[in-house]
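Quick notes on the structure that follows.
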Amino acid sequence: MSNKTAPVAAIVVAAGSGSRLGYPIPKALVEVAGVPLVRRAVDSLVEGGVSRVVVVAPDGHLELCASLLADVAVPVDVVVGGAERQDSVRLGLAAVAEADVVLVHDAARPLVPAHVVADVVERVRGGARAVVPVLPVVDSIRAAAGEGSRVVDRAGLRAVQTPQGFDGALLRDAHAHALAAELVVTDDASACEALGEPVTFVTGHREALKITDPFDLLVAEAILRTRE
Ligand code: C5P
């Protein structure tokens with residue numbers, strides 16, 4: 001597909017428990033500087049050019065999520081998630097069945113800069129069918145092997161972020177295939193790759209960090225202070 005003006009739908013997966021964060025509520029509802037992660041994630045996508053959003057929410061929290069997103073500038077639907085991230089994406093996809101350009105974003109990456117979102121959109125609109133934002137790996141990496149370990153050359157490694165952007169038909173095929181083949185994937189580009197589809201990189205951003213533990217919340221608050 002090459003369509004410079006195709007509208008962009010985004011699926012925001014927010015149905016995880018986020019137990020590592022240590023809060024009694026789902027991670028996506030935890031606030032950073034007074035605003036829940038899921039709301040910040042949606043706002044970042046809208047600022048980057050997304051025109052429709054489906055939020056995949058934890059069971060029992062649909063109404064709360066909808067109320068948190070009531071005044072977003074684009075149409076937002078809230079649907080219930082599944083047991084694994086992959087299930088949640090598939091459930092979200094069902095709600096954007098007609099979209100030609102689909103982004104999939106983790107609510108756990110609330111501060112992705114709008115220009116990264118816009119880059120992903122531009123590449124998909126330009127004809128790339130599976131686009132992922134990536135960053136080089138800065139740490140030395142070792143692969144644990146039994147009692148020992150071996151160093152891995154980090155030069156060729158990339159850390160993968162979201163939003164990932166797709167040709168909508170490809171993403172639907174990829175998730176249908178993953179389900180039928182009982183393939184477990186931790187991101188959506190991998191599901192496309194399983195169909196033989198090449199993946200296109202764009203440059204990610206450290207501010208798109210994934211909020212996983214309390215330290216990440218401190219970093220996110222510091223980032224927001226620099227944006228004031
Ligand atoms: O657990 P982790 O942080 O890797 O999850 C990545 C994203 O996937 C989070 O935004 C989380 O809410 C979402 N997720 C989901 N449904 C699940 C598990 C995770 O929507 N069953």
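Start at 1 and go down the list; that is how both ligands and their atoms are numbered.
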Partners passing salt bridge (Lys or Arg N to Asp or Glu O under 4.0 Å) against Glu63 (at least two apart in sequence or in another chain): none
Return yes when atom CG of Asp59 has more than 12 non-hydrogen atoms of other residues, nucleotides or ligands closer than 6.0 Å, and no otherwise. no
Please list all pairs meeting ring-ring contact (aromatic ring centres under 6.0 Å, His included) that have one or both residues in residues 183-216, counting only residues at least two apart or in different chains. His115-His205
If only atom types and distance count, is the side chain of Asp139 paired as donor or acceptor with the main-chain N or O of Ile141 below 3.5 Å? no
Without placing hydrogens or testing angles, list every side-chain donor-acceptor pair under 3.5 Å for residues 20-33, not counting sequence neighbours.
residue: Lys27; atom: NZ; partner: Ile211; partner atom: O; Å: 2.8

Taking every non-hydrogen atom, the tightest pair across Gln164 and Asp188: OE1-N, 3.4 Å
Quick one, list the residues around ligand 1 where some non-hydrogen atom comes in under 4.0 Å, by chain and residue number. Val13, Ala14, Ala15, Gly16, Arg20, Lys27, Gly82, Ala83, Glu84, Arg85, Ser88, Asp106, Ala107, Ala108, Lys210
